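Contents: one structure, followed by commentary.
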Amino acid sequence: MAEEKRILVVDDEEDMIWTLKNCLNHQSLHAEIVTAASGEEAMEVMEAEPVDLVLTDIRMSGMSGLDLMLEVRNRWPGTAVIVMTAFPSPEYKQEVLGRGGLHYIEKPFDIVELRQVVFDAVNDDRSFTGTVVGVSLGDIVQVNCLSQSTSALEVKAKQGDGVIFFVKGRIVHAESGSLSGEEAFYRIMGLDGGNIASKKVARAPETSIDKPCEALLIEAARRIDEGGRDGAVFDLDALDAEDPFPALIHEKDHSSNNGDFRADGGDPQQSQAQEDDMDGNLNDLLGEFTTIAGVNTACLVGRDGFLLDSTATMDVDTEMIGAIASSGFGASESMGNQLGKGKMAMTMIEYDQGPVIFSPVGDEAFLVIVADKDSNLGMIRLKIKKHAQAIIAAAAI
Amino acid sequence: MPDEGKILDIARVSFLNMIKEMITLGGVAAAKGGLIRNALACADRIREVDYPDFDAFVAAIGNATNPITVIEGKAEHTGDGVFGLPDCPFAPAIANYTEVFGVLPEGYAEFTAEFNKPGPATARYRIGEGAGVSPFCAVHQPLRSAIGDKITIGGKKVRVTQLGCKSGAGKKGFADRLIKEAGVAKEVVDAVLDNHMCCYHVAVE
């Protein structure tokens, strides 16, 4: 049994304290929840007994959440801080992250999502090794980026090994054999089997990479596509019990996905056979998108709006999505034509509850991806790029 | 500007212009889908009917009591399930528009080419694929096929297939694949279109 964590919830709204306390009193967190109704009271609680994590509202009378965060950073540097706000703004977010906040979440939030953020935060200082079944190395890199992690990801495989360094979610450096920088990163991403270990580090030994995570992953995927590579799968035993990363575990069902990291010595021929099978099945290819956390619907729609195929994890009228999406897609494309912007690559409409993404696939159809708020957009884009040709072939368009 | 003294039938003219707007705003494919869905929505409102035999079905076409005649008027059965429609239901709208403005709106040719492309809707309703000669075919043809889906003969489903169509200028369009699938000779369709504007096939499944 892991050591019990101590989490301090700070909010000047009694109802919110009650809600959060109930939400976090979950066996997956294995934590003692203590509360404070103000920043000042929070300081007293921590002076009496330190905590592992502070979950604080940003706007409170007296000491604000940001002030509290600074105090915690100065006096208890090992304590993680998550800042919540009902008044989201890029400025707030920047300020929180700039002041070293671990996470920033907006109210109202999904309870399961919050629990996972808290889980990540209180376990941030633990290195881990093992295998995660059905999850690509790209997925793990993405998780590091999205969680604003400052860490080193060690990858060991038969063909070689390497380390990728993240600073606040940015990939800043990589080393593999005699290579360093981007080339080392691409080499690591091309490894096809082995182990990973994620370790918390204060900083990277140097900064040799200055590209967004997404761009690096896309280039890595392109190189893998061109060079060929068997997939590989991690199996992280420690995360099995409470399904804390449902998206990663769900990937098990799609382990034939090209690019999965396989540490179990899986049969490459079998892997290829599964991949070939998936290539021929449009619905399986669309299912690749609904394995991404928060993506609930993936449709392939003819440009006239008639549905070619779809997969959905919730009850939605995909025929209607197709019909409406064709107008949106057509309008986006027409605007590009009017403005002389050339061929449309992708468009996203962001709603309160999450984005809808359109992406042309071939000349006759487009993909519609419906996702929840805070879904991994980089992963969605990556999968669109990765599977576009196979979708065209499977749909015969 | 409309010519002086010409009377504009705005109900029709606005529909023709709306097609052009749809093309401009969303492209020909989205416009095509929009018109087809519009037609299917209309068909949804037509009642279901069963005829005891094919002759009764044909008789109902002849006396304009068949649901298909509700949308296009009487058609002539030329034999073996092949029907010819003497008049295009959109002809008055086209005539009025061209009488006033001289030419049809821009984008119609591109739209028509798009309609003739094979796709899920054209396959499902057995339309287009060469049988389209104007954007109006994207309304008329799926509407007729969808109404056909509501008709049974002796309890068996009816399958309506578009074989060809003729523009006001006399240009014929043939759905070669659908003609073959229906088991009709292209010469027959050609001959029907000599004296009719639209040619379709009705089969009992």
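Note that the coordinates shown come from a computational prediction; the quantities given were computed from them, not determined experimentally. Throughout, protein chains are lettered first and strands after them, A, B, ... in sequence-line order, and every chain is numbered starting at 1.
Inter-residue side-chain proximity for B:F115 and A:D304 is flagged as unmet; no heavy-atom pair is nearer than 4.5 Å. Looking only at side-chain heavy atoms (C-beta outward), A:S334 and B:T24 stay at 4.5 Å or farther from each other.
The neighbour count for B:E205 CD, taken as heavy atoms of other residues, nucleotides or ligands under 6.0 Å away, is above 12. The neighbour count for A:K385 NZ, taken as heavy atoms of other residues, nucleotides or ligands under 6.0 Å away, does not exceed 12. When the shell of 6.0 Å around CG of B:N17 is examined, it contains more than 12 heavy atoms from other residues, nucleotides or ligands. Counting non-hydrogen atoms of other residues, nucleotides and ligands closer than 6.0 Å to CG of A:L339 gives a total above 12. Around CD of B:E106, the count of heavy atoms belonging to other residues, nucleotides or ligands within 6.0 Å does not exceed 12.
In this structure, the side chain of A:S326 does not engage the main chain of B:A30 through any donor-acceptor pair within 3.5 Å.
The CZ atom of B:R37 sits 5.0 Å away from atom CZ of A:F306, with the distance rounded to the nearest 0.5 Å. For the atom pair A:M335 CE and B:L25 CG, the distance stands at 10.0 Å (nearest 0.5 Å).
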Could you walk me through whether B:K117 and A:E364 satisfy the salt bridge (charged side-chain N to carboxylate O under 4.0 Å, His left out) test, starting with their C-alpha distance in whole Å, then the side-chain angles of each, then the deciding distance to 0.1 Å, before giving a yes or no?
CA-CA 10 Å; B:K117 279 186 190 171; A:E364 300 297 333; 3.3 Å; yes
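Contact detail for A:R303 and B:A29: the closest heavy-atom pair is CB-CB, 3.3 Å.
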